[in-house]
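Whatever order the structure lists ligands and atoms in, that order sets their numbers, starting from 1.
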Amino acid sequence: MLTEWTQSESLRRHALAVEARVTACGEAEADRLGLTGAERAAERSAMIELYATTALLHDFDYERHPTPAEHPFVGVKELERLGWPIGVRTAILGHARYSGVPRVTHLDKSLFACYELSGFLTACALVKPSRAISDVEAASVRKNEG
Ligand SMILES: [Fe+2]
C-alpha cells in the first residue's frame with residue numbers, strides 16, 4: 001500500500017526510518033508489559049507488527065494529498081474503508097499536530113516522537129562523510145539537539 005501510493009524514494013526512506021524507530025519502541029513496550037517467552041510470542045509479534053505497520057503507513061497519502069486539509073485525513077479514511085483498526089488510524093491522525101487528535105496510547109506517542117526525531121537524525125547522518133546513520137553517535141546527536 002505504501003509503495004502503491006508513494007513513488008518518492010525519500011518518502012519511502014522516511015517511512016522505513018520511522019518504522020525502524022517505532023518498532024524499537026514497540027519491542028521495548030512489549031518487554032515492559034512482560035510479553036516474553038514462547039507462550040506470549042504471538043501476542044508480542046502482533047503488537048510489534050501493529051507498531052511497524054502504523055509507522056510504515058503514517059505518511060502513505062502524503063505524496064497524493066500533501067496539504068494539511070487532506071493529509072493524513074484522506075489516508076485515514078482509506079484505511080478505515082479497508083478495515084484497518086482504530087488504533088492504527090488514531091495514531092496516524094495524532095502524528096499531525098494540526099489534526100486536533102490527542103496522542104493517548106503508547107503507540108500514538110511513539111509514532112509522534114519518532115516522526116519528529118526522524119528528520120533530525122537523518123540530518124545528523126547527512127553531515128557525516130559516509131552519510132550513513134550507522135556512523136552517527138548518540139553523543140553528537142545530543143550535542144546538536146541543544
Ligand atoms: Fe505526516
Exercise. Does a donor on one side chain and an acceptor on the other come within less than 3.5 Å for R21 and S118?
Worked result: yes
Problem set entry | Geometric cation-pi criterion R89 and W84, 6.0 Å radius, 45° cone | no
Problem set entry | Cluster link V76 to L82, ILVMFWY, side chain under 4.5 Å | yes
For this session: Kindly state whether the ring of H58 and the ring of H14 have centres lying under 6.0 angstrom apart.
Result: yes
For this session: Can you list, by chain and residue number, the protein N, O or S atoms under 2.8 Å from the Fe ion (ligand 1)?
Result: D59 OD1, H71 NE2, H95 NE2
Problem set entry | Residue pair T90 / T105, side-chain heavy-atom distance below 4.5 Å | no
Exercise. Is it the case that Y51 and H106 place a side-chain donor and acceptor less than 3.5 Å from each other?
Worked result: yes
